[in-house]
There are 2 protein chains.
Amino acid sequence: MLRDQKKKSTREKITRYALQMFKEKGYDNVTVEEIAAACGIAKGTFFNYFPKKEHVLLYVADSYASLMDDIIARHPDGPLKQRVLRILHDLLHIYTQHEELLRLTLIETIKAEIVSGSELTNISNFKNALRRLMEDAGEQDPRQRLSDPELSSGVVVGLFFQTLITLSSKMSEDGIYGSIERQLDAVWEGIGR
Amino acid sequence: MLRDQKKKSTREKITRYALQMFKEKGYDNVTVEEIAAACGIAKGTFFNYFPKKEHVLLYVADSYASLMDDIIARHPDGPLKQRVLRILHDLLHIYTQHEELLRLTLIETIKAEIVSGSELTNISNFKNALRRLMEDAGEQDPRQRLSDPELSSGVVVGLFFQTLITLSSKMSEDGIYGSIERQLDAVWEGIGR
DNA sequence: AGTCATTTATGACCTTGGTCATTTTTTATA
DNA sequence: TATAAAAAATGACCAAGGTCATAAATGACT
């Protein structure tokens, strides 16, 4: 199965170069032709791997989904609220690290979510992962049980992304985290129980 | 000042026809050339009025900003929480009424907000209007004073949009409103004070 | 009215995302 | 190894967004 290997390697090559170039020059300033040239393939071939230019980003967004699980796994114990807060902290950190890129994936992600109601994107993933975390925590320790994980996860996701969208351009990572922390504090007594 | 009248009328004509056509055929299935033709102007002229195709939508989004003030004015009294809830209700109703269109403006709005951190868009507007409402309510009636309107408005905006994004494709207006209502309920004891 | 400066309209043109019929490469089979 | 079928690569081609030099329209001033 030489074919499958090659396919995989080409796919990787495209994403690697594309992201690199997006980061350097900005999404709109990189043409598909340039990406293809950098990868040593024809423009048409690019579209054999990704139906639209944006799909490179959606593909990346998907890979962040498993990352969400990793982050959750990194904070296995302590009070649920603390765990959630630490998770948000890590997430925010990754966001600010890869800012340019995540800004883009965030847009495409939201776009895909709104236009097609597709499930497989970041926000839904994020929310689902959080909901599962809350459910699991409740099962393992009855004192941590939330009355409505669906609702609680929704609120948390909402405040996280809203803050990210509204503040990302005018505040430092610490500032944003502070805002998220205060919001979670304020909100927790309502949703945590 | 014939010129100014004409300019204004052309601008209006473009937005009217464009929105009409977007609603009928979908944003991507309407070309700028078609819009121009419908308006009796040349394609180039379109771009004299709007730098990009999407800006027609941003323009509309802006007009919804004042609509936000109207809605707020429509609910001048009662307990703050009730007012907020009724405002969200009206807003959601408008959203579902004009669903196709608002979906589009929502995307462009979020996009603009993320990429350029521009202030003059829907989400910031929404949040600001809500914050002002909360501040005003506190000034008029000390019992209604919130400790942190900035924070409270952020939470409310967050849960509203998050719910809209996540549920809009799979729930009725009532279902979505129900979810928003429950979330506000849960959250209010934390932010309302 | 005639002239000039400024604004607005125009359409030829360019760029780039995306399609598709055709060619090339890979795999399976005899 | 020869051959046929399937998959993948290719580049000519198209459509549509966006630019720009030029032309027309408008307004101010004499």
Side-chain angles (χ1 to χ4, degrees), chain A residues 1-61 104-105 107-109 111-112 115-116, chain B residues 1-61 104-105 107-109 111-112 115-116:
Chain A
M1 300 293 141
L2 173 61
R3 216 150 52 185
D4 287 5
Q5 290 176 20
K6 240 185 170 173
K7 214 170 151 185
K8 201 178 155 194
S9 119
T10 304
R11 195 180 213 90
E12 260 174 32
K13 211 189 292 179
I14 293 176
T15 52
R16 207 175 52 242
Y17 278 108
L19 296 186
Q20 177 68 27
M21 294 166 92
F22 289 162
K23 216 191 278 188
E24 281 170 7
K25 305 174 52 180
Y27 182 77
D28 286 328
N29 300 319
V30 178
T31 69
V32 173
E33 212 160 7
E34 284 175 306
I35 298 171
C39 298
I41 60 175
K43 189 170 77 164
T45 305
F46 175 96
F47 290 104
N48 286 343
Y49 287 84
F50 299 96
K52 315 255 171 196
K53 187 185 177 188
E54 345 148 354
H55 277 68
V56 182
L57 295 175
L58 289 180
Y59 182 78
V60 175
L104 293 174
T105 60
I107 293 169
E108 294 305 328
T109 270
K111 206 159 128 184
V115 301
S116 62
Chain B
M1 301 291 146
L2 173 60
R3 216 146 56 179
D4 288 4
Q5 292 175 18
K6 241 185 169 174
K7 212 169 153 186
K8 200 176 155 195
S9 120
T10 303
R11 194 179 213 92
E12 260 173 33
K13 212 190 290 179
I14 292 176
T15 52
R16 208 176 51 244
Y17 278 108
L19 296 186
Q20 179 67 28
M21 293 165 93
F22 289 162
K23 216 191 279 188
E24 280 170 7
K25 304 175 52 182
Y27 181 76
D28 286 328
N29 301 319
V30 178
T31 68
V32 173
E33 210 159 9
E34 284 175 307
I35 298 171
C39 299
I41 61 175
K43 189 170 76 165
T45 306
F46 175 96
F47 290 103
N48 286 342
Y49 287 85
F50 300 95
K52 315 254 171 196
K53 187 183 176 189
E54 345 149 354
H55 278 67
V56 182
L57 294 175
L58 289 179
Y59 184 78
V60 175
L104 293 174
T105 59
I107 293 169
E108 294 306 328
T109 270
K111 204 159 127 184
V115 300
S116 61

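Convention: sequence-line order gives letters A, B, ...; per-chain numbering from 1. Computed over heavy atoms, backbone and side chain alike; hydrogens, waters and symmetry mates excluded. The shown structure was predicted, so the numbers you read here are calculated from the model rather than taken from an experiment.
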### Message
Applying a 4.0 Å non-hydrogen cut-off, can you work out what B:Lys43 is touching in the nucleic acid: base, sugar-phosphate, or nothing?
### Response
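Base, at least one base heavy atom under 4.0 Å.
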
Does a side-chain N or O of [X] approach OP1 or OP2 of [N] to a distance below 4.0 Å, or not?
| X | N | answer |
| --- | --- | --- |
| A:Lys53 | C:dT16 | no |
| A:Thr45 | D:dT10 | yes |
| A:Tyr49 | D:dA8 | no |

To the nearest Å, how far apart are [X] [atom1] and [N] [atom2]?
| X | N | atom1 | atom2 | result |
| --- | --- | --- | --- | --- |
| A:Lys13 | D:dA9 | NZ | P | 10 Å |
| B:Ile35 | D:dA15 | CD1 | P | 18 Å |
| B:Phe47 | D:dC20 | CZ | C1' | 13 Å |
| B:Gln5 | D:dA25 | CD | P | 18 Å |
| A:Ile14 | C:dG18 | CD1 | P | 14 Å |
| A:Asn29 | C:dT15 | CG | P | 15 Å |
| B:Tyr27 | D:dG17 | OH | P | 8 Å |
| B:Phe46 | C:dG11 | CZ | P | 17 Å |

With respect to the side chain of [X], which nucleotide from [options] is positioned closest?
| X | options | value |
| --- | --- | --- |
| A:Lys7 | C:dA9, D:dG17, D:dA8 | D:dA8 |
| B:Lys52 | D:dA16, D:dG18, C:dT10 | D:dG18 |
| B:Lys6 | C:dG17, D:dA25, D:dG17 | D:dA25 |
| B:Ile41 | D:dT26, C:dT10, C:dG17 | C:dT10 |

### Message
So, under a plain 3.5 Å distance rule, would you say the side chain of A:Asn48 forms a donor-acceptor pair with the base of D:dA8?
### Response
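By the distance-only test, no, there is no pair.
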
### Task
Check A:Thr10, A:Leu57, A:Val56 against A:Thr15 for a side-chain contact (heavy atoms from CB on, under 4.5 Å) and give me the one that passes.
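Going through the options one by one, the only one that passes is A:Val56.
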
### Query
In a check of side-chain contact (heavy atoms from CB on, under 4.5 Å) between B:Lys8 and each of B:Gln5, B:Arg11, B:Glu12, which one passes?
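Of all the options given, the one that passes is B:Glu12.
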
### Query
So how far is it from B:Phe50 CZ to B:Ile14 CD1, rounded to the nearest 0.5 Å?
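These two atoms lie 5.5 Å from each other.
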
### Query
Quick one: is the NZ or CZ of A:Lys53 closer than 6.0 Å to the six-membered ring centre of A:Tyr27, and within 45° of its axis?
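Yes, A:Lys53 lies over the aromatic ring of A:Tyr27.
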
### Query
Does the pair A:Tyr59 and A:His55 meet the rule for a side-chain contact (heavy atoms from CB on, under 4.5 Å), with working shown?
CA-CA 6 Å; A:Tyr59 182 78; A:His55 277 68; over 6 Å; no

